[in-house]
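Worksheet: one structure, shown below.
Lettering of chains follows the sequences in order, A, B, ..., and the numbering in each one begins at 1.
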Amino acid sequence: MSNYDQIMKLALEKGFYFPSCEIYADAPAGFWEYGPTGLKVKNKLIDLWRREIVRRDGMLEIDGSQIMSRSVFEASGHIENFTDPVIKCTECGSTFRADRLISERIGKDIPERTPNDEIDAIINSEGIRCPSCKGKFGITTRFNMMFRVEIGPSAEEAYLRPETCQTIFVDFPRVYKTMRGKLPLGIAQLGKSFRNEIAPRQSLLRLREFYQAEVEIFCNPSKLDSLPFFDELSNTTLRISTDGLSVEEVTTNEGLKGGLLPNKLVAYYLSILADFYSKTGIDMKRTRFRKLGENERAFYASIAFDFEVETSVGWLELVACNYRSDYDLRGHSTVSKQNLEVIDPSDQSKILPHVFELSMGIDRSIYAILEHSFYEDSEHDDRVVLRLKPYLAPVLVGILPLVNRNGLSEKSQIIHSELKREFDTYYDDSGSIGRRYRRLEQIGVPFAITVDKITLQDDSVTVRQRDTMQQERIKVSGLKEYLRRSLQSS
RNA sequence: GCGACAGUCGUCCAGUUUGGUCUAGGACAUCAGAUUGCCAAUCUGGUAACCCGGGUUCAAAUCCCGGCUGUCGCACCA
C-alpha cells in the first residue's frame, strides 16, 4: 500500500477527513469534510501560522467575504484570464483546450486570450478535426474556473473568490488608514477559496473548496532592500531550485549575495516561511523553493517561487510565493476609480504599493504533515505512529487507569478534570492498556498518563512518550508544567 | 471533460463468471460482559454493508441502461 493510501485509510478510520455529502449518491467530487480529529490538527496548524508568521512579523489579520462582486474580478483579471478556451467534438463529444490543440497542430503558440471567433477561424482554415474520431468541432466556448453565484431576487452577478487575497486588496485602503499602517505592511487572512476544477483528484490535494492562509506584504518598490527584521532570519537555511531538478542549499544571506534571491524583502519572507514549515514536522530535506520560469507563472506574477514538498504522490506545491508588483492595486484602482496610493512616511513619497504574497494551501499542508509524520515501527509489531509535534497533535495527552478496580478510575477522572480545560485530553478506560496506547499513537497523541496502584500512595503517575515508548514517573502536581513545556515550538 | 477498470459492514476481503438456503460470510476495528493487569492477549455476546435510480425476471449483490464516486491514463492545474 502506498503512503498516500495509508494516510487516506487512516483519515477515514480515525476521523481526520472524509468526502462531503457521502451518504448521497450525487455527491460531487472535490469537496471534503474535516472530522473531529482533523479539525483539531487544522486549528493547531493555523495557531502555529498565527504565532510564527502573523504575530512574529506584526501583520494585521482580517476575515473577509467569500462572495465578491463581478467588478472585483474584472479588476483582478480573473474574468478574463481565469478561463480556458474549450472546443467540443460534435461527433464523439471529446473536449479539448483549443489553444493547446491548435499550437500542437500548426506548431505555433497562440495566446489563450485569443478571441473565440479568431480561434474558430483558425480551426476552420487549418481544417483541424477531432484527434480521437476525426469529427468536426463545434464553436469555441469559455470555461471559467470561478463559481458564479446570483445575488438576491434580481440575480446580480457575483463570484465565489478563487483566492482569498482579493479581499485583502479591496480592504487595503481602510485597513491601512484605520490601523495606522506603515510600509512594509503584511495583511493576513485565513479562509476558503473556490475553484471549479475540471478534474479534482486525490482528496485534500485538489479541492474545489479549500482553505488558504495568505499574507500580502504591501511594500515600497524602491525600498525592497531595507527590512527592519531582516537580520533575525538572515542565517535561515533555504533550499532553492532554479531548474526543478537540482537544489542549492544556502543561507538567506548567501542566497542574496549569489543572486538566487532578488532582494531582501523576498529573501526575508521566504525565510520566515521556511522557519514556519520547519516547525510543522515536515522533513525540510524533502522540500524546495522552486523558482518558476516565465511561462509557468500566474498571469499576475513577475517573480514566483513555489514552496514544494516531496511526498509519495510527487512534488506537492504547498505555498505560492508571488511578487505581484502593483498589478492588483492598479487594477482595483482603475476599475473602482479610487485612489489607492499611500504616503510612505519614511520619505513622504506618494506611491502605489507593490505586493509580495505567501499563499499557503492549508489542506495540502495538512496532508504533507500527516504523510511526513506517518511511521510504522517495525521494532514493535509494525505499530502505526503519527509523530506529530505536540502543538499540532489532535490530542495532547491520554489519561488511562491501568485497571478499573481499586479506585483507579476515580483517581484518573480527578486528574482528567484538572487537565481537560487547559489541554486537549482523552480519557480511555476500555480494553487492555497496550491497546489503549496503540489507539492514541495512531492519531499522534504524544503523551499517555497511566494511573496505577502507586498513584494512590504517592500521587505520582507514569507519563509515556509516544515515539520512544519510554515512561517516566512524575508527580500529579507537576503535570501541567510538564505539558505546557511540551507545547513550546521554539 | 474523454477512455479503461472498479464500487458489498468503520476498514480489508469472500460471494457476481453460471440469477435461486445470501435471511449476505470472514478478518481486523468497535461496543458490552468475563478474565488478565504496562504495550493491539484470551473467551462469550452484540452493533454493522450489497453506491443511487430505473429495467429484465417467478426471483437480482449477481444481468441490462443511466447517474454519481474512486483509481489509472489523456487533458487540465490560478
- Item | Donor-acceptor under 3.5 Å (A/Glu214 side chain, A/Cys165 main chain) | yes
- Message: Please give the distance between the P atoms of B/rU62 and B/rG20 as a whole number of Å.
- Response: 10 Å
- Describe, in one word, how the ring planes of A/Phe31 and A/Phe147 are oriented to each other, choosing from parallel (under 30°), tilted (30 to 60°) and perpendicular (over 60°). tilted
- Task: Measure distances between side-chain N and O atoms of A/Glu441 and base N and O atoms of B/rA40, and say whether any donor-acceptor pair falls under 3.5 Å.
- Result: no
- How many Å lie between CE on A/Met146 and P on B/rC77, as a whole number? 16 Å
- Expected list for residues 307-320 of chain A near RNA chain B, using heavy atoms below 4.0 Å, is none
- Run the numbers on A/Tyr437 and A/Asp428 for side chain to side chain contact (heavy atoms under 4.5 Å, CB included), then give the verdict. CA-CA 10 Å; A/Tyr437 290 147; A/Asp428 189 1; over 6 Å; no
- Expressed as a whole number of Å, how far does the C1' atom of B/rG7 sit from that of B/rC51? 6 Å
- Whether A/Ser312 side chain and A/Tyr4 backbone form a donor-acceptor pair below 3.5 Å: yes
- For B/rU11, the Watson-Crick or wobble counterpart (both distances under 3.5 Å): B/rA27
- Message: Between A/Glu13 and A/Arg464, which residue's closest nucleotide on RNA chain B lies nearer the 5′ terminus?
- Response: A/Glu13
- Rounded to the Å, how far apart are A/Asn404 CG and B/rC38 P? 14 Å
- Query: For A/Glu357, which contact category applies under a 4.0 Å heavy-atom criterion: base, sugar-phosphate, or nothing?
  - Reply: nothing
- Query: Using atom C1' of each nucleotide, how far apart are B/rC50 and B/rA14 to the nearest Å?
  - Reply: 13 Å
- If you measure from the Lys or Arg side-chain nitrogens to the Asp or Glu carboxylate oxygens, is any gap between A/Arg473 and A/Asp452 under 4.0 Å? yes
- Measure from CD on A/Glu163 to P on B/rC77 and round the result to the nearest Å. 16 Å
- Rounded interatomic separation in angstrom, taking OH from A/Tyr437 and C1' from B/rA40: 13 Å
- Message: Suppose we define a pair by two distances each less than 3.5 Å, Watson-Crick or G-U wobble; what does B/rU71 pair with here?
- Response: B/rA4
- Heavy-atom donor-acceptor pair, A/Arg288 side chain to A/Val247 backbone, under 3.5 Å: no
- Task: Indicate the ring-plane relationship of A/His416 and A/Tyr427, choosing parallel, tilted or perpendicular according to the 30° and 60° boundaries.
- Result: parallel
- Item | Side-chain-base donor-acceptor pair under 3.5 Å for A/Gln471 and B/rC38 | yes
- Message: In whole Å, measure the gap between the C1' atoms of B/rU30 and B/rG73 for me.
- Response: 39 Å
- Item | Distance in angstrom units between A/Ile23 CD1 and B/rA48 P, rounded | 17 Å
- Task: Using only heavy-atom distances, decide whether a donor-acceptor pair under 3.5 angstrom links the side-chain of A/Asp381 to the base of B/rC39.
- Result: no
- Query: Think A/Ser432 has a side-chain N or O under 4.0 angstrom from the OP1 or OP2 of B/rA41?
  - Reply: yes
- Task: Residues of residues 359-375 of chain A with any non-hydrogen atom less than 4.0 angstrom from an atom of RNA chain B: list those, numerically ordered, please.
- Result: none
- Message: In this structure, how many angstroms lie between the C1' atom of B/rC77 and the CG atom of A/Asn144, rounded?
- Response: 14 Å
- Item | base_contact_polar (B/rC76 base, A/Arg206 side chain, donor-acceptor, <3.5 Å) | yes
- Verify the ring-centre separation between A/Tyr34 and A/Phe16: is it less than 6.0 angstrom? no
- Task: Check whether any side-chain N or O of A/Gln212 sits under 3.5 Å from a backbone N or O of A/Ser359 as a donor-acceptor pair, and report yes or no.
- Result: no
- Query: B/rA48 and B/rG25: how far apart are their P atoms, nearest whole angstrom?
  - Reply: 12 Å
- Mind checking the C1' distance from B/rC43 to B/rG54? Whole angstroms is fine. 49 Å
- Find the partner of B/rC22: check Watson-Crick (N1-N3 plus N6-O4 or O6-N4) and G-U wobble (N1-O2, O6-N3) distances, both under 3.5 Å, and reply none if neither fits. none
- Counting heavy atoms from C-beta on, name the nucleotide in B/rC31, B/rG37, B/rC38 closest to the side chain of A/Val403. B/rG37
- Query: Is the A/Tyr269 ring parallel, tilted or perpendicular to the A/Phe356 ring (thresholds 30°, 60°)?
  - Reply: tilted
- Is it true that A/Phe194 and A/Tyr159 have ring centroids separated by less than 6.0 Å? no
- Query: Going by distance alone, is a donor N or O of one side chain under 3.5 Å from an acceptor N or O of the other, for A/Ser409 and A/Asn404?
  - Reply: yes
- Measure from the side-chain heavy atoms of A/Leu402 and tell me the nearest of B/rU11, B/rG37, B/rC39. B/rG37
- Paired nucleotide for B/rG33 [Watson-Crick or G-U wobble; both distances under 3.5 Å]: B/rC43
- Per the atom types in the model, does the base of B/rC39 pair as donor or acceptor with the side chain of A/Arg435 at under 3.5 Å? no
- Query: Is A/Arg439 near enough to B/rU30 that one of its side-chain N or O atoms lies under 4.0 angstrom from OP1 or OP2?
  - Reply: yes
- Message: So that I can tick it off, tell me whether A/Arg148 and A/Glu156 are bridged by a salt bridge, with the cut-off set at under 4.0 angstrom between side-chain N and carboxylate O.
- Response: no
- Query: So which of A/Arg383, A/Arg436, A/His380 actually passes side chain to side chain donor-acceptor pair (under 3.5 Å) with A/Glu441?
  - Reply: A/Arg383
- Task: Could you give the distance separating B/rG1 and B/rA61 at their C1' atoms, to the nearest angstrom?
- Result: 31 Å
- Once base and sugar-phosphate atoms are separated, protein heavy atoms under 4.0 Å mark nucleotides 65-72 of chain B, 5' to 3', with B, S and - as --BSSSSB
- Query: What distance, rounded to whole Å, do you find between the two P atoms, one in B/rU11 and one in B/rA29?
  - Reply: 15 Å
- Note on the structure: Between CG of A/Asp429 and P of B/rG33 the distance, given in whole Å, is 10 Å
- Message: Using 30° and 60° as the class boundaries, would you call the ring planes of A/Phe307 and A/Phe289 parallel, tilted or perpendicular?
- Response: tilted
- Measure from the side chain of A/Asp452, starting at C-beta and using heavy atoms only, and say which of B/rC39, B/rG37, B/rC38 lies closest. B/rC38
- Note on the structure: Atom CG of A/Asp306 and atom C1' of B/rC77 are separated, to the nearest Å, by 11 Å
